[in-house]
Amino acid sequence: MRDTDESPDAGDISARLLVWYDRHARVMPWRVGPAERRAGQRPDPYRVWLSEIMLQQTTVAAVRDYFRRFTERWPDVEALAAAPDADVMAEWAGLGYYARARNLLKGARAVVALHGGRFPGTRDGLLSLPGVGPYTAAAVASIAFDEPATVVDGNVERVVSRLFAVETPLPAAKPELTRLAATLTPQERPGDHAQAMMDLGATICTPRKPVCSLCPLRPDCEGHRAGLEAELPRKAPKAEKPVREGRLWIAVRADGAVLLETRPERGMLGGMLGWPGTDWDRSGGPAGAPLEADWRETGVEVRHTFTHFHLRLEVLVAQVAEAALPARGSFVPRADFRPAALPTLMRKGWSVAAAAIRHPTGEERLA
DNA sequence: AAGACGTGGGA
DNA sequence: TTCCCAAGTCT
């Protein structure tokens, strides 16, 4: 029996975490490290906001180059707000969750039009921006404005569920995890605390095989004490992904121009450039080819898996005359066509079509 | 309020 | 190959 409770309180946990962060903070282009921070350097709210939008459901590794290109091209919120929609969507292509890019522009324009080009300096103010939810608002408020807001992302959920041995499965456990995370948020250095929690989750308290031997919070961790660290957080089982099918029409004009269309704002790949195609509900779909031509089956299927379904698209190609008049989409001159401006699914379609055009089958060569 | 919404990398 | 997942938000 102990006559004193030796389990550390929340302040001790955060203090220990910050000591670890001072030594191990990862370097990121949008981050002001703990040392620079102490020297008085402040992060630019625009860069923090942009990075946090990009980081939603997306790995740091995937974000790095996109962040660099965006900030080189649009160094501040005024520049971004003034950018044409198509330029921003093309620059976002490949990063996924394209509603983020549409909301990014709306958000930038709101900051300029409604807030004189200054980001709202509080969590509640930030929440009013499109694309900014509870996570992003708390992240920007704490990192850029020193507000002691509690940041809860997937990393924090994992760290907290282990630290307090929360056995309730996600997403039901979310409110409790948020409440527990809030008990750890310090008044001083809340932004570094938030980033430390996320770094810890990303490097030590990882989903599989957490490296407890290197964890600064191991003495405090109930999950580890119970031998449950690898089991937590528990999660509700996921639904099976259905397979959907459809067809893609890729037309190349004699002068090299390619037939593309801008997809509707709503729905999959909303607002992005893509090849005309059928619906993905059933093979063949109701929609006809975007123009009359000698459509050739490539015999190659594009396979792509989204968050909630698998997709298989049959690719058809046609080489058409310069006078061809499409019923859907418009021809983009070859010099202006960059596959990189397409979402990944559509890039795959282009790879198939380009190969089919370069290497027609024997039969077609004879024809 | 449950489902829609991308992608690439690792096991 | 297949599955899981990563710094969520919107409707």
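The sequence lines fix the lettering, A, B, ..., with proteins before strands; numbering per chain opens at 1.
- When distances run from any side-chain atom of A/R266 to the nucleotides C/dG8, C/dT11, C/dC3, the shortest one goes to C/dT11.
- Atom CG of A/L55 is separated from atom C1' of C/dG8 by 11 Å (rounded to the nearest Å).
- The interatomic distance linking A/M272 (CE) with B/dC5 (P) rounds to 15 Å, in whole Å.
- What separates CZ of A/R303 from P of C/dC3 is a distance of 12 Å, to the nearest Å.
- Atom CG of A/D153 is separated from atom C1' of C/dC5 by 13 Å (rounded to the nearest Å).
- Residue A/M197 is out of contact with every strand shown, counting any heavy-atom pair closer than 4.0 Å.
- Ion pairing between a basic and an acidic side chain is recognised when a charged N comes within 4.0 Å of a carboxylate O; A/D192 and A/R189 show such pairing.
- Here the two rings, on A/F337 and A/W275, have centers that are under 6.0 Å apart.
- Within the structure, every side-chain polar atom (N or O) of A/K241 is placed at least 4.0 Å from both OP1 and OP2 of C/dC3.
- The local environment of CD in A/E188 is sparse, with at most 12 non-hydrogen atoms from other residues, nucleotides or ligands closer than 6.0 Å.
- Side chains of A/K348 and A/H304: a donor-acceptor N/O pair is present below 3.5 angstrom, by distance only.
- Base contact: A/V60 has a heavy atom under 4.0 Å from a base atom.
- There is a side-chain donor-acceptor pair under 3.5 Å between A/R100 and A/T58.
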Treat primed atoms plus P, OP1 and OP2 as sugar-phosphate and everything else as base, then score nucleotides 6-11 of chain B 5' to 3': B for base contact with protein heavy atoms under 4.0 Å, S for sugar-phosphate contact only, - for none.
BBS---
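- Here the separation of B/dA1 from B/dC5, taken at their C1' atoms, is 16 Å to the nearest Å.
- In terms of phosphate contacts, A/H308 brings a side-chain nitrogen or oxygen within less than 4.0 Å of OP1 or OP2 of B/dC5.
- Remark: the separation of the P atoms in B/dG6 and B/dG10 is 23 Å, to the nearest Å.
- A/N103 places its CG atom 8 Å from the C1' atom of C/dC10, with the value rounded to the nearest Å.
- Remark: C1' of C/dC5 and CG of A/L232 are 17 Å apart, rounded to the nearest angstrom.
- Looking at which nucleotide of DNA chain C each of A/P130 and A/M28 is closest to, the 5′-most match is held by A/M28.
- Side-chain N/O atoms of A/Y66 and A/E91 include no donor and acceptor closer than 3.5 Å.
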Do A/R328 and A/E261 pass the salt bridge (charged side-chain N to carboxylate O under 4.0 Å, His left out) test, and can you show the C-alpha distance, the side-chain angles, and the key distance before you say yes or no?
CA-CA 7 Å; A/R328 286 170 63 182; A/E261 64 182 10; 2.9 Å; yes
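- For the pair A/H310 NE2 and B/dC5 P, the interatomic distance rounds to 16 Å; values are reported in whole Å.
- Taking atom CG of A/L129 as the reference point, atom P of C/dT9 lies 12 Å away to the nearest angstrom.
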